[in-house]
Amino acid sequence: MLCDHCGENEAVIHLTQIVDNRMSTYHLCEKCAEEKGLEPGINAGTFPLSDFLAQMGKGVGAEGGAAVGACAFCGLRLEDFKKTGRLGCPHCYVTFEVHLRGLLRRLHGSTQHVGKVYLPPDPTHAQRLQRLSGLRRKLDQAVANEDFERAAELRDQIRALEAAS
Amino acid sequence: MVDLGVPPGFGLGWLEASGPHADIVLSTRVRLARNLQGHAFGPRHRRNEAEKVFEQVRDAVARTATLEGGAMLDLAALPALSRRVLLERHLISREMAGENGDAPPRGAALYMDAHERVGMMVNEEDHLRLQALLSGLRLEEAFHLVDKLDEELGAHLAYAYHHEFGYLTSCPTNVGTGLRASIFVHLPGLVLTKEIGRVLQGIGQVGLTFRGLYGEGSEVVGNFFQISNQTTLGKSEEDLIEHLQNIVSRVIQHEMQARAVLMRDAPTVIEDKIWRAYGLLRYARSLTFDEVMNLLSGVRLGVSMKLLPGLSVYTLNKIMINAQSAHLEQAAGRTLTETESDLHRAAYVRRILAAEGEVPTSDGDSAAEGA
(Lines give C-alpha, C1' and ligand atoms only; values in the text may rest on other atoms or scores of the structure.)
Protein backbone atom coordinates (compact mmCIF):
# COMPACT_ATOMS: atom_id res chain seq x y z
CA MET A 1 0.00 0.00 0.00
CA LEU A 2 1.32 3.44 -0.92
CA CYS A 3 1.37 6.49 1.29
CA ASP A 4 -1.84 8.55 1.10
CA HIS A 5 0.17 11.76 1.32
CA CYS A 6 3.08 11.45 -1.12
CA GLY A 7 1.84 8.43 -3.06
CA GLU A 8 5.46 7.32 -3.52
CA ASN A 9 6.66 5.34 -0.55
CA GLU A 10 5.23 2.27 1.10
CA ALA A 11 2.77 3.19 3.87
CA VAL A 12 3.96 1.89 7.22
CA ILE A 13 1.86 3.95 9.59
CA HIS A 14 -1.88 3.43 9.72
CA LEU A 15 -3.66 6.10 11.65
CA THR A 16 -7.30 5.98 12.65
CA GLN A 17 -8.73 9.34 13.63
CA ILE A 18 -12.12 10.16 14.99
CA VAL A 19 -13.20 13.73 14.41
CA ASP A 20 -16.78 14.82 15.09
CA ASN A 21 -17.84 11.19 15.42
CA ARG A 22 -16.54 10.35 11.96
CA MET A 23 -13.80 7.82 11.65
CA SER A 24 -11.17 8.12 8.97
CA THR A 25 -8.07 6.04 8.33
CA TYR A 26 -4.82 7.34 6.87
CA HIS A 27 -1.95 5.28 5.55
CA LEU A 28 1.33 7.14 5.62
CA CYS A 29 4.98 6.43 4.90
CA GLU A 30 7.51 7.02 7.63
CA LYS A 31 8.73 10.29 6.14
CA CYS A 32 5.30 11.88 5.72
CA ALA A 33 4.23 10.66 9.14
CA GLU A 34 7.27 12.31 10.68
CA GLU A 35 6.52 15.56 8.84
CA LYS A 36 3.02 15.46 10.26
CA GLY A 37 4.46 15.04 13.74
CA LEU A 38 3.36 11.42 14.09
CA GLU A 39 5.54 8.75 15.48
CA PRO A 40 5.07 5.05 15.35
CA GLY A 41 3.66 3.68 18.56
CA ILE A 42 1.78 6.60 20.03
CA ASN A 43 -1.04 4.12 20.43
CA ALA A 44 -2.12 3.68 23.99
CA GLY A 45 -1.14 0.57 25.82
CA THR A 46 1.15 -0.86 23.17
CA PHE A 47 4.33 0.70 24.57
CA PRO A 48 4.43 0.31 28.31
CA LEU A 49 6.47 2.74 30.33
CA SER A 50 8.96 0.06 31.34
CA ASP A 51 9.94 -0.53 27.70
CA PHE A 52 10.61 3.16 27.18
CA LEU A 53 12.63 3.33 30.33
CA ALA A 54 14.83 0.44 29.24
CA GLN A 55 15.56 2.30 26.00
CA MET A 56 16.16 5.65 27.61
CA GLY A 57 19.52 7.29 27.29
CA LYS A 58 20.82 4.70 24.84
CA GLY A 59 20.73 7.00 21.83
CA VAL A 60 22.01 10.05 23.66
CA GLY A 61 25.66 9.17 23.32
CA ALA A 62 28.55 9.24 25.73
CA GLU A 63 28.60 12.96 26.40
CA GLY A 64 24.85 13.28 27.03
CA GLY A 65 24.46 10.07 28.99
CA ALA A 66 27.47 10.46 31.23
CA ALA A 67 27.14 14.18 31.83
CA VAL A 68 23.83 13.86 33.66
CA GLY A 69 24.52 12.84 37.22
CA ALA A 70 22.10 12.94 40.07
CA CYS A 71 19.38 15.55 40.53
CA ALA A 72 20.89 18.37 42.62
CA PHE A 73 17.66 18.79 44.58
CA CYS A 74 16.60 15.26 45.48
CA GLY A 75 19.59 13.10 44.52
CA LEU A 76 17.67 10.89 42.08
CA ARG A 77 19.85 9.23 39.43
CA LEU A 78 18.73 8.22 35.96
CA GLU A 79 19.14 4.57 36.99
CA ASP A 80 16.71 5.11 39.87
CA PHE A 81 14.17 6.55 37.49
CA LYS A 82 14.60 3.64 35.09
CA LYS A 83 13.93 1.23 37.93
CA THR A 84 10.84 2.88 39.42
CA GLY A 85 9.43 4.95 36.56
CA ARG A 86 8.98 7.79 39.04
CA LEU A 87 10.83 11.09 39.13
CA GLY A 88 11.99 12.40 42.50
CA CYS A 89 11.01 16.05 42.44
CA PRO A 90 10.04 18.90 40.09
CA HIS A 91 13.74 19.70 39.57
CA CYS A 92 14.29 16.25 38.00
CA TYR A 93 12.41 17.46 34.93
CA VAL A 94 15.15 20.04 34.39
CA THR A 95 18.03 17.71 35.29
CA PHE A 96 16.91 14.95 32.93
CA GLU A 97 15.24 17.20 30.36
CA VAL A 98 17.17 15.75 27.41
CA HIS A 99 16.23 12.19 28.29
CA LEU A 100 12.67 13.04 29.21
CA ARG A 101 11.81 14.86 26.01
CA GLY A 102 12.12 11.68 23.93
CA LEU A 103 10.22 9.67 26.51
CA LEU A 104 7.39 12.19 26.72
CA ARG A 105 7.10 12.34 22.93
CA ARG A 106 6.70 8.60 22.83
CA LEU A 107 4.30 8.45 25.76
CA HIS A 108 2.11 11.39 24.83
CA GLY A 109 2.93 12.14 21.20
CA SER A 110 4.12 15.59 22.25
CA THR A 111 6.31 17.41 24.75
CA GLN A 112 4.47 20.73 24.68
CA HIS A 113 1.80 21.40 27.28
CA VAL A 114 -1.11 23.20 25.62
CA GLY A 115 -3.59 22.98 28.49
CA LYS A 116 -4.20 25.40 31.31
CA VAL A 117 -1.42 27.91 31.92
CA TYR A 118 -0.69 28.09 35.63
CA LEU A 119 -0.78 31.48 37.31
CA PRO A 120 1.28 31.32 40.51
CA PRO A 121 0.24 33.21 43.67
CA ASP A 122 2.50 36.23 43.01
CA PRO A 123 2.79 36.21 39.24
CA THR A 124 5.33 38.16 37.25
CA HIS A 125 4.21 40.23 34.30
CA ALA A 126 5.44 37.54 31.89
CA GLN A 127 3.48 34.85 33.73
CA ARG A 128 0.33 36.96 33.48
CA LEU A 129 0.84 37.35 29.75
CA GLN A 130 1.35 33.61 29.28
CA ARG A 131 -1.77 32.92 31.26
CA LEU A 132 -3.71 35.45 29.20
CA SER A 133 -2.66 33.86 25.94
CA GLY A 134 -3.59 30.45 27.33
CA LEU A 135 -7.03 31.72 28.35
CA ARG A 136 -7.57 33.35 24.94
CA ARG A 137 -6.69 30.06 23.27
CA LYS A 138 -9.28 28.30 25.43
CA LEU A 139 -11.82 31.04 24.70
CA ASP A 140 -11.37 30.56 20.94
CA GLN A 141 -11.85 26.85 21.39
CA ALA A 142 -14.99 27.28 23.51
CA VAL A 143 -16.48 29.63 20.90
CA ALA A 144 -15.60 27.18 18.11
CA ASN A 145 -17.34 24.42 20.07
CA GLU A 146 -20.32 26.72 20.72
CA ASP A 147 -19.84 26.19 24.45
CA PHE A 148 -20.98 29.70 25.30
CA GLU A 149 -21.30 29.14 29.02
CA ARG A 150 -17.62 28.18 29.19
CA ALA A 151 -16.77 31.07 26.85
CA ALA A 152 -18.46 33.54 29.19
CA GLU A 153 -16.50 32.17 32.16
CA LEU A 154 -13.24 32.45 30.26
CA ARG A 155 -14.05 35.99 29.11
CA ASP A 156 -14.61 36.99 32.75
CA GLN A 157 -11.30 35.44 33.75
CA ILE A 158 -9.52 37.28 30.92
CA ARG A 159 -11.08 40.61 31.90
CA ALA A 160 -10.17 40.13 35.56
CA LEU A 161 -6.59 39.32 34.68
CA GLU A 162 -6.31 42.22 32.24
CA ALA A 163 -7.63 44.58 34.90
CA ALA A 164 -5.04 43.27 37.38
CA SER A 165 -2.12 43.62 34.95
CA MET B 1 -13.42 21.70 58.94
CA VAL B 2 -14.43 18.66 60.98
CA ASP B 3 -12.20 15.70 61.60
CA LEU B 4 -14.32 12.55 61.77
CA GLY B 5 -14.29 8.82 61.15
CA VAL B 6 -15.95 7.48 58.00
CA PRO B 7 -19.67 8.34 58.15
CA PRO B 8 -21.98 5.62 56.70
CA GLY B 9 -22.79 7.23 53.36
CA PHE B 10 -19.60 9.29 53.04
CA GLY B 11 -18.65 9.93 49.41
CA LEU B 12 -21.43 7.78 48.01
CA GLY B 13 -23.61 10.48 46.43
CA TRP B 14 -22.91 9.07 42.97
CA LEU B 15 -24.71 5.82 43.84
CA GLU B 16 -28.06 7.57 43.44
CA ALA B 17 -27.83 6.91 39.71
CA SER B 18 -29.21 10.35 38.91
CA GLY B 19 -26.82 11.18 36.04
CA PRO B 20 -27.30 10.72 32.29
CA HIS B 21 -27.09 7.05 31.13
CA ALA B 22 -26.78 5.99 34.79
CA ASP B 23 -27.95 2.46 33.99
CA ILE B 24 -24.90 1.96 31.75
CA VAL B 25 -22.44 4.56 33.06
CA LEU B 26 -22.03 4.12 36.80
CA SER B 27 -19.79 7.07 37.40
CA THR B 28 -17.61 9.79 35.96
CA ARG B 29 -14.36 10.64 37.67
CA VAL B 30 -11.97 13.44 36.76
CA ARG B 31 -8.73 13.94 38.63
CA LEU B 32 -5.93 16.46 38.40
CA ALA B 33 -2.43 15.70 39.68
CA ARG B 34 -0.59 18.66 41.22
CA ASN B 35 2.67 19.05 43.13
CA LEU B 36 4.16 21.82 45.19
CA GLN B 37 7.36 23.61 44.29
CA GLY B 38 10.35 23.07 46.52
CA HIS B 39 9.39 19.59 47.75
CA ALA B 40 10.34 16.10 46.58
CA PHE B 41 7.49 13.96 45.28
CA GLY B 42 5.85 11.50 47.69
CA PRO B 43 8.14 8.50 47.22
CA ARG B 44 11.30 10.60 47.81
CA HIS B 45 10.06 12.71 50.68
CA ARG B 46 12.64 13.64 53.26
CA ARG B 47 12.13 13.87 57.00
CA ASN B 48 8.93 15.76 57.89
CA GLU B 49 8.47 16.82 54.27
CA ALA B 50 5.04 15.16 53.96
CA GLU B 51 3.91 16.99 57.09
CA LYS B 52 5.14 20.29 55.64
CA VAL B 53 3.28 19.64 52.40
CA PHE B 54 0.14 18.83 54.35
CA GLU B 55 0.42 22.04 56.40
CA GLN B 56 0.75 24.18 53.27
CA VAL B 57 -2.24 22.45 51.73
CA ARG B 58 -4.30 22.80 54.90
CA ASP B 59 -3.62 26.54 54.99
CA ALA B 60 -4.63 26.89 51.34
CA VAL B 61 -7.79 24.82 51.89
CA ALA B 62 -8.84 27.20 54.69
CA ARG B 63 -9.01 29.91 52.00
CA THR B 64 -10.98 27.99 49.36
CA ALA B 65 -14.75 28.32 48.99
CA THR B 66 -15.23 24.88 47.43
CA LEU B 67 -14.04 22.92 50.46
CA GLU B 68 -15.66 25.17 53.07
CA GLY B 69 -17.76 23.12 55.49
CA GLY B 70 -16.44 19.89 54.03
CA ALA B 71 -14.59 17.05 55.70
CA MET B 72 -10.92 16.19 56.19
CA LEU B 73 -9.87 12.67 57.06
CA ASP B 74 -6.38 12.17 58.48
CA LEU B 75 -5.64 8.70 57.15
CA ALA B 76 -2.94 7.87 59.68
CA ALA B 77 -5.45 8.52 62.46
CA LEU B 78 -8.07 6.20 60.94
CA PRO B 79 -8.29 2.49 61.76
CA ALA B 80 -7.14 0.18 58.96
CA LEU B 81 -10.73 -0.97 58.36
CA SER B 82 -11.94 2.59 57.74
CA ARG B 83 -9.17 3.06 55.20
CA ARG B 84 -10.25 -0.13 53.42
CA VAL B 85 -13.82 1.21 53.38
CA LEU B 86 -12.59 4.40 51.71
CA LEU B 87 -10.67 2.32 49.18
CA GLU B 88 -13.77 0.26 48.38
CA ARG B 89 -15.62 3.53 47.79
CA HIS B 90 -12.91 4.53 45.29
CA LEU B 91 -12.11 7.62 47.35
CA ILE B 92 -8.49 6.76 48.07
CA SER B 93 -5.86 4.66 46.28
CA ARG B 94 -4.39 1.38 47.46
CA GLU B 95 -1.20 3.18 48.48
CA MET B 96 -3.20 5.62 50.57
CA ALA B 97 -5.17 2.82 52.19
CA GLY B 98 -1.89 1.20 53.27
CA GLU B 99 -3.03 -2.26 52.27
CA ASN B 100 -1.25 -5.38 53.49
CA GLY B 101 -0.90 -3.92 56.95
CA ASP B 102 1.39 -1.08 55.83
CA ALA B 103 0.86 2.30 57.37
CA PRO B 104 -0.59 4.95 55.03
CA PRO B 105 1.94 7.45 53.68
CA ARG B 106 2.94 10.17 56.15
CA GLY B 107 0.75 13.25 56.08
CA ALA B 108 -1.83 11.42 53.95
CA ALA B 109 -5.27 13.00 54.05
CA LEU B 110 -8.55 12.99 52.17
CA TYR B 111 -10.58 16.15 51.65
CA MET B 112 -14.19 16.19 50.52
CA ASP B 113 -16.54 19.11 49.94
CA ALA B 114 -19.83 19.35 51.82
CA HIS B 115 -21.77 18.04 48.79
CA GLU B 116 -19.34 15.11 48.48
CA ARG B 117 -18.79 15.74 44.80
CA VAL B 118 -15.25 17.04 44.74
CA GLY B 119 -12.23 16.69 46.98
CA MET B 120 -8.63 15.58 46.96
CA MET B 121 -6.05 13.16 48.25
CA VAL B 122 -3.01 14.76 49.86
CA ASN B 123 0.42 13.12 49.88
CA GLU B 124 -0.31 10.35 47.47
CA GLU B 125 2.35 9.68 44.83
CA ASP B 126 1.70 13.32 43.89
CA HIS B 127 1.24 15.94 46.60
CA LEU B 128 -2.30 16.60 45.42
CA ARG B 129 -4.79 14.50 43.54
CA LEU B 130 -7.90 16.62 43.06
CA GLN B 131 -10.90 14.48 42.15
CA ALA B 132 -14.57 14.79 41.30
CA LEU B 133 -16.87 11.79 41.27
CA LEU B 134 -20.39 12.04 39.80
CA SER B 135 -23.17 9.68 38.82
CA GLY B 136 -23.63 8.89 35.12
CA LEU B 137 -21.84 10.44 32.16
CA ARG B 138 -21.02 13.99 33.25
CA LEU B 139 -17.49 14.70 32.13
CA GLU B 140 -17.78 18.44 31.64
CA GLU B 141 -19.44 18.99 34.98
CA ALA B 142 -16.86 16.85 36.79
CA PHE B 143 -14.04 18.70 35.05
CA HIS B 144 -15.47 22.09 36.00
CA LEU B 145 -15.68 21.00 39.64
CA VAL B 146 -12.01 19.99 39.86
CA ASP B 147 -10.93 22.91 37.69
CA LYS B 148 -12.60 25.36 40.06
CA LEU B 149 -10.95 23.75 43.08
CA ASP B 150 -7.64 23.81 41.22
CA GLU B 151 -8.01 27.55 40.54
CA GLU B 152 -8.80 28.24 44.17
CA LEU B 153 -5.89 26.19 45.54
CA GLY B 154 -3.48 27.35 42.84
CA ALA B 155 -4.04 30.95 43.90
CA HIS B 156 -2.46 30.14 47.28
CA LEU B 157 -0.11 27.23 46.55
CA ALA B 158 3.03 27.42 44.42
CA TYR B 159 2.56 24.49 42.05
CA ALA B 160 5.44 22.79 40.25
CA TYR B 161 4.95 23.94 36.66
CA HIS B 162 7.25 23.90 33.64
CA HIS B 163 6.77 26.20 30.63
CA GLU B 164 7.12 23.27 28.20
CA PHE B 165 6.01 20.20 30.17
CA GLY B 166 3.14 21.82 32.08
CA TYR B 167 2.15 20.59 35.54
CA LEU B 168 4.93 18.32 36.82
CA THR B 169 4.09 14.93 38.28
CA SER B 170 5.93 12.05 39.91
CA CYS B 171 5.15 9.74 36.99
CA PRO B 172 5.80 11.12 33.49
CA THR B 173 2.60 9.45 32.26
CA ASN B 174 0.62 12.14 34.14
CA VAL B 175 2.63 15.25 33.25
CA GLY B 176 1.16 18.21 31.33
CA THR B 177 -2.47 18.64 32.27
CA GLY B 178 -2.24 16.06 35.07
CA LEU B 179 -5.76 15.16 34.00
CA ARG B 180 -7.15 11.65 34.08
CA ALA B 181 -10.84 11.30 33.28
CA SER B 182 -12.43 7.89 33.80
CA ILE B 183 -15.82 6.56 32.92
CA PHE B 184 -16.99 3.49 34.80
CA VAL B 185 -19.23 1.65 32.40
CA HIS B 186 -21.23 -1.61 32.25
CA LEU B 187 -21.03 -3.40 28.90
CA PRO B 188 -22.72 -6.82 29.13
CA GLY B 189 -24.23 -6.58 25.64
CA LEU B 190 -20.84 -6.17 24.00
CA VAL B 191 -19.41 -9.02 26.07
CA LEU B 192 -22.30 -11.40 25.25
CA THR B 193 -22.15 -10.61 21.54
CA LYS B 194 -18.34 -11.00 21.69
CA GLU B 195 -17.89 -7.51 20.23
CA ILE B 196 -16.04 -6.28 23.30
CA GLY B 197 -12.58 -7.25 22.03
CA ARG B 198 -12.97 -5.10 18.97
CA VAL B 199 -14.34 -2.19 20.97
CA LEU B 200 -11.51 -2.32 23.50
CA GLN B 201 -8.96 -2.58 20.70
CA GLY B 202 -10.53 0.46 19.08
CA ILE B 203 -10.33 2.35 22.36
CA GLY B 204 -6.60 1.63 22.50
CA GLN B 205 -6.13 2.97 19.00
CA VAL B 206 -7.64 6.36 19.80
CA GLY B 207 -5.46 7.18 22.80
CA LEU B 208 -7.74 5.80 25.50
CA THR B 209 -7.22 2.89 27.83
CA PHE B 210 -9.42 0.57 29.86
CA ARG B 211 -9.09 -1.02 33.27
CA GLY B 212 -11.02 -3.16 35.70
CA LEU B 213 -13.00 -2.23 38.77
CA TYR B 214 -10.18 -1.00 41.00
CA GLY B 215 -8.10 0.83 38.42
CA GLU B 216 -4.66 0.05 37.13
CA GLY B 217 -3.79 -3.62 36.94
CA SER B 218 -7.13 -4.79 38.29
CA GLU B 219 -9.24 -7.49 36.70
CA VAL B 220 -12.39 -6.94 34.74
CA VAL B 221 -15.27 -8.45 36.70
CA GLY B 222 -19.01 -8.35 36.08
CA ASN B 223 -18.57 -6.69 32.66
CA PHE B 224 -17.64 -3.40 34.34
CA PHE B 225 -14.91 -1.37 32.66
CA GLN B 226 -13.14 1.90 33.38
CA ILE B 227 -12.36 3.84 30.23
CA SER B 228 -9.95 6.74 30.53
CA ASN B 229 -7.54 8.96 28.62
CA GLN B 230 -4.06 7.54 28.22
CA THR B 231 -2.16 10.73 27.39
CA THR B 232 -2.08 13.92 29.43
CA LEU B 233 0.35 16.12 27.50
CA GLY B 234 -0.02 17.92 24.16
CA LYS B 235 -3.79 18.34 24.31
CA SER B 236 -5.89 20.81 26.25
CA GLU B 237 -8.07 19.66 29.13
CA GLU B 238 -11.17 20.44 27.06
CA ASP B 239 -9.91 18.36 24.13
CA LEU B 240 -9.12 15.38 26.37
CA ILE B 241 -12.58 15.57 27.93
CA GLU B 242 -14.37 16.02 24.63
CA HIS B 243 -12.51 13.14 23.01
CA LEU B 244 -13.38 10.79 25.87
CA GLN B 245 -17.00 12.00 25.78
CA ASN B 246 -17.25 11.27 22.04
CA ILE B 247 -15.73 7.82 22.28
CA VAL B 248 -17.73 6.80 25.34
CA SER B 249 -20.92 7.99 23.63
CA ARG B 250 -20.06 5.71 20.71
CA VAL B 251 -19.34 2.81 23.05
CA ILE B 252 -22.76 3.34 24.66
CA GLN B 253 -24.37 3.30 21.20
CA HIS B 254 -22.59 0.04 20.39
CA GLU B 255 -23.73 -1.41 23.70
CA MET B 256 -27.36 -0.45 22.98
CA GLN B 257 -27.13 -1.99 19.52
CA ALA B 258 -25.67 -5.19 20.96
CA ARG B 259 -28.55 -5.38 23.45
CA ALA B 260 -31.07 -4.89 20.66
CA VAL B 261 -29.43 -7.71 18.69
CA LEU B 262 -29.53 -10.00 21.73
CA MET B 263 -33.22 -9.30 22.32
CA ARG B 264 -33.97 -9.90 18.65
CA ASP B 265 -31.96 -13.13 18.29
CA ALA B 266 -32.08 -14.72 21.71
CA PRO B 267 -34.74 -13.12 23.92
CA THR B 268 -35.45 -16.24 25.95
CA VAL B 269 -31.77 -16.89 26.65
CA ILE B 270 -31.32 -13.29 27.84
CA GLU B 271 -34.46 -13.33 29.97
CA ASP B 272 -33.37 -16.62 31.49
CA LYS B 273 -29.90 -15.24 32.32
CA ILE B 274 -31.41 -12.16 33.96
CA TRP B 275 -33.94 -14.06 36.06
CA ARG B 276 -31.40 -16.69 37.10
CA ALA B 277 -29.06 -13.93 38.25
CA TYR B 278 -31.87 -12.32 40.22
CA GLY B 279 -32.92 -15.66 41.71
CA LEU B 280 -29.40 -16.44 42.92
CA LEU B 281 -28.92 -13.01 44.45
CA ARG B 282 -32.35 -13.13 46.05
CA TYR B 283 -32.01 -16.58 47.65
CA ALA B 284 -28.38 -17.76 47.77
CA ARG B 285 -26.86 -18.43 51.22
CA SER B 286 -23.21 -17.84 50.35
CA LEU B 287 -21.77 -15.50 47.72
CA THR B 288 -18.23 -14.44 46.84
CA PHE B 289 -17.77 -10.82 45.78
CA ASP B 290 -16.88 -11.77 42.19
CA GLU B 291 -20.04 -13.88 42.04
CA VAL B 292 -22.11 -10.93 43.26
CA MET B 293 -20.55 -8.70 40.62
CA ASN B 294 -21.29 -11.19 37.86
CA LEU B 295 -24.87 -11.67 39.03
CA LEU B 296 -25.34 -7.91 39.47
CA SER B 297 -24.27 -7.56 35.85
CA GLY B 298 -27.15 -9.78 34.75
CA VAL B 299 -29.66 -8.03 37.02
CA ARG B 300 -28.42 -4.61 35.96
CA LEU B 301 -28.93 -5.58 32.33
CA GLY B 302 -32.47 -6.67 33.23
CA VAL B 303 -33.27 -3.41 35.02
CA SER B 304 -31.77 -1.36 32.20
CA MET B 305 -33.84 -3.27 29.61
CA LYS B 306 -37.01 -2.99 31.72
CA LEU B 307 -37.17 -6.76 32.09
CA LEU B 308 -37.00 -6.61 35.89
CA PRO B 309 -39.62 -4.06 36.85
CA GLY B 310 -39.58 -2.53 40.30
CA LEU B 311 -35.84 -2.73 40.94
CA SER B 312 -33.79 0.46 40.90
CA VAL B 313 -30.26 1.06 39.66
CA TYR B 314 -29.63 2.80 42.99
CA THR B 315 -30.24 -0.49 44.82
CA LEU B 316 -27.81 -2.33 42.54
CA ASN B 317 -25.17 0.37 43.02
CA LYS B 318 -25.57 0.16 46.80
CA ILE B 319 -25.09 -3.63 46.71
CA MET B 320 -21.96 -3.24 44.61
CA ILE B 321 -20.35 -1.04 47.27
CA ASN B 322 -21.77 -2.54 50.47
CA ALA B 323 -21.14 -6.19 49.51
CA GLN B 324 -17.37 -5.61 49.56
CA SER B 325 -15.49 -7.21 52.41
CA ALA B 326 -14.47 -4.11 54.39
CA HIS B 327 -18.05 -2.80 54.23
CA LEU B 328 -19.36 -6.14 55.49
CA GLU B 329 -16.82 -6.14 58.34
CA GLN B 330 -17.78 -2.60 59.25
CA ALA B 331 -21.46 -3.60 59.35
CA ALA B 332 -20.68 -6.73 61.40
CA GLY B 333 -18.48 -4.78 63.80
CA ARG B 334 -15.73 -7.41 63.63
CA THR B 335 -13.22 -9.12 61.36
CA LEU B 336 -14.73 -11.80 59.12
CA THR B 337 -13.07 -14.89 57.68
CA GLU B 338 -13.57 -15.44 53.96
CA THR B 339 -16.29 -18.03 54.59
CA GLU B 340 -18.07 -15.75 57.05
CA SER B 341 -17.76 -12.89 54.61
CA ASP B 342 -19.51 -14.92 51.89
CA LEU B 343 -22.37 -15.73 54.32
CA HIS B 344 -22.71 -12.12 55.46
CA ARG B 345 -22.62 -10.95 51.84
CA ALA B 346 -25.43 -13.29 50.79
CA ALA B 347 -27.50 -12.30 53.84
CA TYR B 348 -27.01 -8.60 53.08
CA VAL B 349 -28.00 -9.00 49.42
CA ARG B 350 -31.08 -11.06 50.36
CA ARG B 351 -32.15 -8.44 52.89
CA ILE B 352 -31.77 -5.52 50.47
CA LEU B 353 -33.62 -7.30 47.66
CA ALA B 354 -36.38 -8.46 50.03
CA ALA B 355 -36.83 -4.86 51.18
CA GLU B 356 -37.36 -3.85 47.54
CA GLY B 357 -40.44 -6.12 47.49
CA GLU B 358 -41.43 -8.78 44.99
CA VAL B 359 -40.36 -8.19 41.43
CA PRO B 360 -43.43 -8.92 39.29
CA THR B 361 -42.73 -11.83 36.96
CA SER B 362 -44.26 -12.13 33.54
CA ASP B 363 -45.11 -15.83 33.70
CA GLY B 364 -46.88 -17.49 30.78
CA ASP B 365 -45.25 -14.99 28.45
CA SER B 366 -45.30 -15.14 24.71
CA ALA B 367 -41.87 -16.76 24.36
CA ALA B 368 -42.98 -19.84 26.31
CA GLU B 369 -46.28 -20.05 24.49
CA GLY B 370 -44.68 -19.68 21.11
CA ALA B 371 -42.14 -22.45 21.76
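Letters go in sequence order (proteins before strands), and every chain restarts at 1. The analysis underlying the following values was restricted to heavy atoms, covering all of them including side chains, and did not include hydrogens, waters or symmetry mates.
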Check: Nearest 0.5 Å, what's the CG-OH distance between B:Leu168 and A:Tyr118?
Finding: 11.5 Å

Notebook entry, point to check: So which of B:Ala40, B:Pro172, B:Gly154 has the largest heavy-atom pair count under 4.5 angstrom toward chain A?
Noted result: B:Pro172

Next item on the list: Using non-hydrogen atoms and a 4.5 Å limit, figure out which bit of A:Asp122 sits close to chain B: side chain, backbone, both or neither.
Entry: neither

Checklist line | Side chain / backbone / both / neither for A:Gln141 at chain B, heavy atoms under 4.5 Å | finding: side chain

Margin query: For B:Thr232, is there any backbone N or O sitting under 3.5 Å from a side-chain donor or acceptor partner on A:His108?
Written below: yes

Next item on the list: Flag the pair A:Arg131 and B:Glu151 as a salt bridge only when some basic side-chain nitrogen lies within less than 4.0 angstrom of an acidic carboxylate oxygen.
Entry: yes

Item checked: Per-residue contact mode, B:His156 against chain A (heavy atom under 4.5 angstrom) -> backbone

Next item on the list: Using non-hydrogen atoms and a 4.5 Å limit, figure out which bit of A:Arg137 sits close to chain B: side chain, backbone, both or neither.
Entry: neither

Next item on the list: Could you tell me which portion of B:Leu179 (side chain, backbone, both or neither) has an atom closer than 4.5 angstrom to a non-hydrogen atom of chain A?
Entry: neither

Notebook entry, point to check: So, do B:Phe165 and A:Gln112 sit near enough that their side-chain heavy atoms are less than 4.5 Å apart?
Noted result: no

Next item on the list: Below 4.5 Å from any heavy atom of chain A, which atoms of B:Tyr161 appear? Answer side chain, backbone, both or neither.
Entry: side chain

Item checked: B:Arg44 (side chain) donor-acceptor with A:Cys89 (main chain) under 3.5 angstrom -> no

Check: Is the NZ or CZ atom of B:Arg46 positioned over A:Phe73's six-membered ring, under 6.0 angstrom from the centre and within 45° of the axis?
Finding: yes

Next item on the list: Salt-bridge test for B:Glu237 and A:Lys116: reply yes if a basic N is under 4.0 Å from a carboxylate O, no otherwise.
Entry: no

